[in-house]
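Naming convention: chains lettered A, B, ... in sequence-line order (proteins, then strands); numbering from 1 in each chain. All of these numbers come straight from a predicted model, not from anything done at the bench.
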Amino acid sequence: QKEVEQDPGPLSVPEGAIVSLNCTYSNSAFQYFMWYRQYSRKGPELLMYTYSSGNKEDGRFTAQVDKSSKYISLFIRDSQPSDSATYLCAMSARRDDKIIFGKGTRLHILP
Amino acid sequence: DSGVTQTPKHLITATGQRVTLRCSPRSGDLSVYWYQQSLDQGLQFLIQYYNGEERAKGNILERFSAQQFPDLHSELNLSSLELGDSALYFCASSVVTADTEAFFGQGTRLTVV
């Protein structure tokens, strides 16, 4: 079983819809959870960063962590065509530990 | 623009050859990380340097090596290249040793033919 599992997609949704992206993980030591957005031909950029369980909101983006289920989610409200990208979940056990990435979900927002 | 500069952007080379990828971190960042991204393996951590010293090692092959120079730029050397080494290679940098606060460059796309 891989440490981090993420559905590769692609996921296509109409503009304005709520998008739900998810990852599961197996290592209960993970405490730091990140979501990165990667546009084509670009490097990943940090979108959301959460420590331990709970929710975090930033504009149209909400990150949720459920450590009991080893499941994390990223919700995008009022999705825009500019949100079309690959979204990678990532996690680590300690702040200065190496990050384990999911393989990414390709998201297409249809105008 | 993240402030992390990687050169070259694209590289095409033959099997058995050796190449050097270069990374200039953001101004003030002491940590440099190298990652490999391929379709089947995703983004894999290779190695980290902090202020010139090797800090952490990931899934880096023995044919690969890296170093960080006194001016904090870093180079990743890939030798005896194989077709399977074709991938995107990313450099990231951060002020301290925390991966979670790293900024990524735009990557070098390596194609081995």
Side-chain angles (χ1 to χ4, degrees), chain A residues 1-10 21-27 29-52 56 58 63 65 72 74 85-107, chain B residues 1-10 21 23-26 30-51 53-60 87-111:
Chain A
Q1 182 187 10
K2 285 193 177 299
E3 274 194 293
V4 179
E5 301 269 11
Q6 186 175 10
D7 187 332
L21 303 167
N22 312 292
C23 285
T24 59
Y25 63 95
S26 58
N27 188 347
F30 287 146
Q31 295 199 81
Y32 295 87
F33 303 92
M34 286 75 68
W35 285 95
Y36 285 80
R37 179 175 60 195
Q38 186 175 17
Y39 290 114
S40 181
R41 303 182 199 285
K42 301 285 188 184
E45 57 175 321
L46 182 62
L47 206 55
M48 299 286 284
Y49 171 87
T50 311
Y51 171 72
S52 195
K56 186 174 184 178
D58 184 1
V65 174
I72 70 170
L74 178 71
T86 296
Y87 290 80
L88 302 114
C89 65
M91 43 202 82
S92 67
R94 299 187 313 271
R95 189 166 167 231
D96 61 350
D97 203 2
K98 66 177 183 180
I99 299 177
I100 307 298
F101 284 85
K103 288 190 179 180
T105 299
R106 283 188 297 140
L107 173 66
Chain B
D1 183 1
S2 67
V4 179
T5 304
Q6 288 187 249
T7 57
K9 285 192 170 51
H10 303 277
L21 313 183
C23 170
S24 293
R26 293 186 319 156
L30 299 178
S31 268
V32 168
Y33 314 82
W34 286 99
Y35 289 84
Q36 179 193 58
Q37 187 176 40
S38 61
L39 279 174
D40 55 340
Q41 294 294 322
L43 200 58
Q44 300 274 314
F45 168 71
L46 295 178
I47 196 164
Q48 179 200 358
Y49 279 82
Y50 178 75
N51 203 20
E53 301 285 330
E54 184 184 301
R55 169 86 180 184
K57 227 170 185 175
N59 304 320
I60 187 165
L88 269 168
Y89 291 84
F90 286 104
C91 167
S93 74
S94 65
V95 175
V96 291
T97 61
D99 286 54
T100 53
E101 298 174 0
F103 291 81
F104 281 78
Q106 295 203 13
T108 294
R109 181 174 294 279
L110 173 67
T111 303

Non-neighbouring partners of B:Leu110 that pass side-chain contact (heavy atoms from CB on, under 4.5 Å), sequence neighbours left out: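 Listed in chain order: B:Leu11, B:Thr13, B:Val19, B:Leu78, B:Leu81, B:Tyr89, B:Val112.
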
Identify which of B:Leu39, B:Leu88, B:Leu43 forms the greatest number of heavy-atom pairs closer than 4.5 Å to chain A.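 The candidate making the most pairs under 4.5 Å is B:Leu43.
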
Mind ranking B:Arg109, B:Gln44, B:Gln41 by heavy-atom pairs under 4.5 Å with chain A and telling me who comes out on top?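 Ranked by heavy-atom pairs under 4.5 Å with chain A, first place is B:Gln41.
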
For A:Gln38, is it the side chain, the backbone, both, or neither that has a heavy atom closer than 4.5 Å to a heavy atom of chain B?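 Side chain of A:Gln38 only, per the 4.5 Å heavy-atom cut-off to chain B.
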
Quick one: what part of A:Leu88 sits under 4.5 Å from any heavy atom of chain B, side chain, backbone, both or neither? side chain

Grab the two heavy atoms, one from B:Arg26 and one from B:Ser93, that are nearest each other, plus how far apart they are.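 Looking at all heavy atoms of both residues, the closest pair is N-OG, 3.2 Å.
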
Counting only non-hydrogen atoms closer than 4.5 Å, does B:Gln37 touch chain A with its backbone (N, CA, C, O), its side chain (CB onward), both, or neither? side chain

Go through the structure and list residues passing salt bridge (Lys or Arg N to Asp or Glu O under 4.0 Å) with A:Glu45, not counting sequence neighbours. A:Arg37

Mind running ring-ring contact (aromatic ring centres under 6.0 Å, His included) on A:Tyr36 and A:Phe101 for me, showing each step along the way? CA-CA 9 Å; A:Tyr36 285 80; A:Phe101 284 85; 5.3 Å; yes

Hey, what's the ring geometry for A:Phe30 with A:Phe33, parallel, tilted or perpendicular (30° and 60° as the breaks)?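 Rings of A:Phe30 and A:Phe33: perpendicular, over 60°.
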
